[in-house]
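Residue numbering restarts at 1 for every chain, and letters A, B, ... go by the order of the sequence lines.
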Number of protein chains: 2
Amino acid sequence: MARRYDHSREEIRSMALDAAEAIVAAEGYKGLSARKVAAAIEYTVGTLYLVFENLNDLVLQVNGRTLDALFERMAAVSGPADSPRKRLLALADAYIAYAKAETPRWNTLFEFVAENGNSLPDWYLVKLSKVFGLAETALEPLSDRRQALEVQQAARVLWASVHGICMLKIRQRMDLAGGQSTEAMAGMLIDNFLRGFAAASHGDQQTE
Amino acid sequence: MARRYDHSREEIRSMALDAAEAIVAAEGYKGLSARKVAAAIEYTVGTLYLVFENLNDLVLQVNGRTLDALFERMAAVSGPADSPRKRLLALADAYIAYAKAETPRWNTLFEFVAENGNSLPDWYLVKLSKVFGLAETALEPLSDRRQALEVQQAARVLWASVHGICMLKIRQRMDLAGGQSTEAMAGMLIDNFLRGFAAASHGDQQTE
DNA sequence: GCATTTAATTGAACGCCGTTCAACGGCTGT
DNA sequence: ACAGCCGTTGAACGGCGTTCAATTAAATGC
């Protein structure tokens with residue numbers, strides 16, 4: 001049995017990604033294997049290696065799709081008419097909602113990363129930047145009174161923080177949150193950070 | 001070759017943990033295997049399973065040690081004479097310094113977690129709480145003017161956020177930080193959050 | 001219409017992995 | 001001297017990622 005040509009390379013590629021996403025959603029990152037993906041699309045392992053460099057590559061593509069989905073969901077709630085605070089809260093809620101709804105997929109985003117020596121391809125970094133960019137865009141109106149770089153840095157600090165809160169809650173189901181919901185924690189973060197950010201004029205220093 | 005009795009169960013246990021820590025430090029979590037640990041302590045795989053439930057159990061113990069080390073380092077820099085802000089900044093710096101110095105060990109803390117269905121044993125949660133507790137203690141002086149619960153929640157939000165920042169920087173070596181150092185990002189977070197937290201009296205709401 | 005080339009696909013093979021457990025053989029008590 | 005104990009072994013099982021010679025159907029040339 002060879003030379004079937006039922007599907008083009010591109011078709012096989014997307015079938016494999018679909019199958020991999022389904023397996024991850026059902027069994028998590030750990031449950032994913034080349035043999036399972038191959039079986040699901042009714043090809044054999046060898047074929048997968050014609051289309052993907054290796055399993056890491058496949059997972060990276062899956063994560064790329066996840067980042068796209070995340071971006072879509074977040075972009076949909078970010079109305080330009082709203083205040084920075086409202087936009088950030090909406091973005092955080094959307095992020096948290098996605099992480100809760102698609103926990104295995106979201107987890108895979110981070111369970112994977114550390115493996116290949118910390119070097120991610122450019123196309124992946126671009127997708128990541130797009131997600132971060134939403135927070136930056138939301139904060140942009142503040143650039144009147146503040147240096148643009150500082151606002152950008154604030155957006156990234158805030159977004160990394162929202163992610164940290166989300167991580168804490170979802171990964172370890174901890175009672176370390178003091179009884180707050182993920183959304184409430186993110187809200188507390190955003191409110192206090194923005195209040196502090198607005199209060200400080202550029203160059204201010206706290207001394208104690 | 002049987003019945004050597006060179007070492008007690010407890011000795012084997014700690015030798016295995018030492019070996020596992022060394023392997024993780026050298027090759028990361030992914031490089032760890034039961035066979036490698038066994039070879040390093042000059043026993044065979046079977047023996048490991050008399051002393052640990054399974055490999056997950058072994059890694060959990062390793063992570064327990066990591067949390068202990070983290071706590072020690074952080075506790076050492078947290079002087080009660082300092083202001084909450086200074087203490088938090090010092091804690092964040094110590095946390096970041098540990099994560100940088102012992103990156104594979106620190107990464108293992110989070111690469112492991114999601115595996116066993118999100119249930120962590122009590123002794124592990126206690127160790128985690130101790131680390132979080134340092135941030136809570138640092139913020140305690142604020143409890144004069146604020147409800148104790150709110151201060152505790154703020155500490156946890158802040159700590160999860162510091163972790164998120166650390167994660168972002170260390171796991172993906174990203175330029176998504178806008179050129180700031182990890183310490184600068186954590187400092188920006190803490191300064192703005194605390195300024196905002198101090199400015200808001202209890203029950204205040206931002207409406208826009 | 002047949003033979004040859006081409007390339008898509010296979011699946012066995014390699015060396016790993018976590019985990020289990022029947023068997024081994026020094027040690028201890030009698 | 002012997003039996004039984006039990007700490008320890010290591011082969012075995014099923015699964016993993018990855019490779020690549022072999023297979024075979026389609027495309028091409030004649």
Given atom CD of B:E27 and atom P of C:dC17, what is their separation to the nearest angstrom? 10 Å
Do the non-hydrogen side-chain atoms of B:V131 and B:K127 ever get within less than 4.5 Å of each other? no
Look at all strands and tell whether B:L48 reaches a base, only sugar-phosphate, or nothing, counting heavy atoms closer than 4.0 Å. nothing
Using atom CZ of A:F112 as one end and atom P of D:dG17 as the other, report the distance to the nearest whole Å. 13 Å
From the candidates D:dT9, C:dT10, D:dA11, the one with an atom nearest any side-chain atom of B:T47 is D:dT9
Select one nucleotide: of C:dT19, D:dG17, C:dC17, the one nearest the side-chain heavy atoms of B:K36. C:dC17
Specify the separation, in whole Å, of atom CD1 of B:I12 and atom P of D:dT8. 5 Å
At under 4.0 Å, does any side-chain N or O of B:Y43 touch on OP1 or OP2 of D:dT8? yes
Look at the side chain of B:V45 and decide which nucleotide, out of D:dG17, D:dG10, C:dC17, has an atom nearest to it. D:dG10
Please confirm whether the shortest side-chain N or O distance from A:Y49 to OP1 or OP2 of D:dT18 is below 4.0 Å. yes
Could you check A:G31 against A:E53 and say which one's nearest nucleotide on DNA chain D is further toward the 5' end? A:G31
Taking atom types as they are modelled, is there a donor-acceptor pair under 3.5 Å from the base of D:dG15 to the side chain of A:R35? no
Look at all strands and tell whether A:L32 reaches a base, only sugar-phosphate, or nothing, counting heavy atoms closer than 4.0 Å. sugar-phosphate
Using whole Å, report how far CG of B:L50 lies from P of C:dT19. 14 Å
Ring geometry between B:F110 and B:W106 (parallel below 30°, tilted from 30 to 60°, perpendicular above 60°): perpendicular
Using whole Å, what does the distance between atom P of nucleotide D:dG17 and atom CG of A:N56 come to? 10 Å
Euclidean distance, atom CZ of residue B:F52 to atom P of C:dG18 [Å, nearest integer]: 14 Å
Separation of atom CD in A:E42 from atom C1' in C:dT9, rounded to whole Å: 14 Å
What pair of heavy atoms forms the shortest contact from B:A19 to B:I41, and how long is it? CB-CG2, 3.8 Å
Residue B:T44, side-chain heavy atoms: nucleotide from C:dA8, C:dT10, D:dT9 that is nearest: D:dT9
When rounded to whole Å, the OH to C1' distance for the pair B:Y29 and C:dG18 reads 12 Å
Any donor and acceptor pair, going by atom type alone, linking the side chain of B:R87 with main-chain N or O of B:D82 inside 3.5 Å? no
Test item: A:V62 and A:F112 side chains (from C-beta on) under 4.5 Å apart, heavy atoms: no
